[in-house]
Amino acid sequence: MKTPFYEMPLVTSAGKFTARYSELGLAEIKFPAARRKATGAVGLEIIPPGVRKWHRITKMALKSILAGRSPKTFPPLDPAGTEFQKKVWHALRKIMPGRTKSYGEIARAIGKPKAVRAVGGACGANPVPVLVPCHRVLAANGKIGGFSGGLDWKRDLLAREGIEI
DNA sequence: AATGACAGTCCCA
DNA sequence: TGGGACTGTCATT
């Protein structure tokens with residue numbers, strides 16, 4: 001039996017994102033794409049009240065961050081990943097808007113100071129970009145590093161928080 | 001089961 | 001400035 005999930009659009013000033021929810025919370029956010037494929041989502045016609053509520057919170061949180069502010073509330077998050085990745089994502093959430101950390105600082109924060117490169121991999125695997133602010137992680141030498149959604153998005157998100165590279 | 005590639009960083013020459 | 005070691009995960013062999 002397949003786990004049910006729900007996909008819903010997030011229309012913002014920066015474009016139409018897509019949120020995907022599991023039965024436990026927000027599982028994934030996709031950046032606006034020129035072309036959107038059909039998804040085969042289960043339950044698209046019947047969205048449970050709980051998911052609608054999560055979605056309202058997600059929308060507010062996303063808009064807050066796009067405006068460079070810290071969201072008052074977050075939806076429950078249910079990103080799929082390994083224990084290591086979840087530790088990294090948890091550490092990322094502590095970076096406030098307008099602040100940045102290096103991959104090395106994240107590695108030290110989770111007690112694996114030598115796993116710097118693996119931290120980069122975990123950032124790239126983050127299923128909930130923007131809300132889990134992987135865009136606030138820069139290389140130790142101040143360079144921008146990479147971004148799974150494209151470096152233009154990373155620069156744009158940072159600029160919205162008042163950070164120029 | 002082994003190898004290579006990656007959103008990194010430090011060290012040593 | 002350049003090469004090697006180090007780490008977790010995934011695709012490829």
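Order of the sequence lines fixes the chain letters, A, B, ..., with proteins taken first and strands second; residue numbering starts at 1 for each chain.
- Here the closest non-hydrogen pair linking A:R136 and A:I95 is NH1-O, 2.6 Å.
- For the P atoms, the distance linking C:dA5 with B:dT3 amounts to 14 Å, nearest Å.
- By the 4.5 Å heavy-atom criterion applied to side chains, A:L157 and A:P129 are not counted as neighbours.
- Of all heavy-atom pairs between A:S22 and A:A27, the closest is N-CB, 4.2 Å.
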What verdict does the ring-ring contact (aromatic ring centres under 6.0 Å, His included) test give for A:F5 and A:Y21, after you've listed the backbone C-alpha separation in whole Å, the side-chain angles of each residue and the deciding distance to 0.1 Å?
CA-CA 5 Å; A:F5 59 89; A:Y21 298 88; over 10 Å; no
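- Side-chain N or O atoms of A:K154 include one that pairs as donor or acceptor with a backbone N or O of A:I144 at under 3.5 Å.
- Nearest heavy atoms, A:E161 versus A:G98: OE1-N, 2.9 Å.
- Among the atoms of the strands shown, base atoms are found under 4.0 Å from some heavy atom of A:A118.
- Only the C1' atoms considered, B:dG4 is 16 Å distant from C:dG4, to the nearest whole Å.
- A:A80 approaches A:P127 most closely through the heavy-atom pair O-CG, 4.1 Å.
- Comparing the P positions of B:dA7 and C:dT12 gives an interatomic distance of 16 Å, to the nearest angstrom.
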A:W153 vs A:F147, test: ring-ring contact (aromatic ring centres under 6.0 Å, His included). Steps then yes/no.
CA-CA 8 Å; A:W153 268 113; A:F147 198 66; 8.3 Å; no
Starting at the 5' end of DNA chain C, what dot-bracket string do you get if Watson-Crick and G-U pairs under 3.5 Å are bracketed, crossing pairs use [ ], other-strand pairs use | and unpaired bases use dots?
||||||.||||||
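- No donor-acceptor distance shorter than 3.5 angstrom exists from the side chain of A:H55 to the backbone of A:E7, with no hydrogens or angles considered.
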What protein N or O atoms touch nucleotides 4-7 of chain B N or O atoms at under 3.5 angstrom, if any, and at what distances?
unit_1	atom_1	unit_2	atom_2	d
B:dA7	O4'	A:G146	N	3.2
B:dA7	N7	A:S148	N	3.4
B:dA7	N6	A:C123	O	2.9
B:dA7	N6	A:S148	OG	3.4
B:dA7	N3	A:Y103	OH	2.6
B:dA7	N3	A:G146	O	3.2

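- You can see that DNA chain C meets the heavy atoms of chain A within a 4.0 Å-exclusive cut from C:dT7 to C:dT9, reading 5' to 3'.
- Atom CZ in A:F17 sits 4.5 Å away from atom OG1 in A:T12 (nearest 0.5 Å).
- In plain terms, the two heavy atoms of A:I47 and A:M8 that are nearest each other are CG2-SD, 4.1 Å.
- Distance, A:K112 NZ to B:dG8 P: 19 Å, rounded to whole Å.
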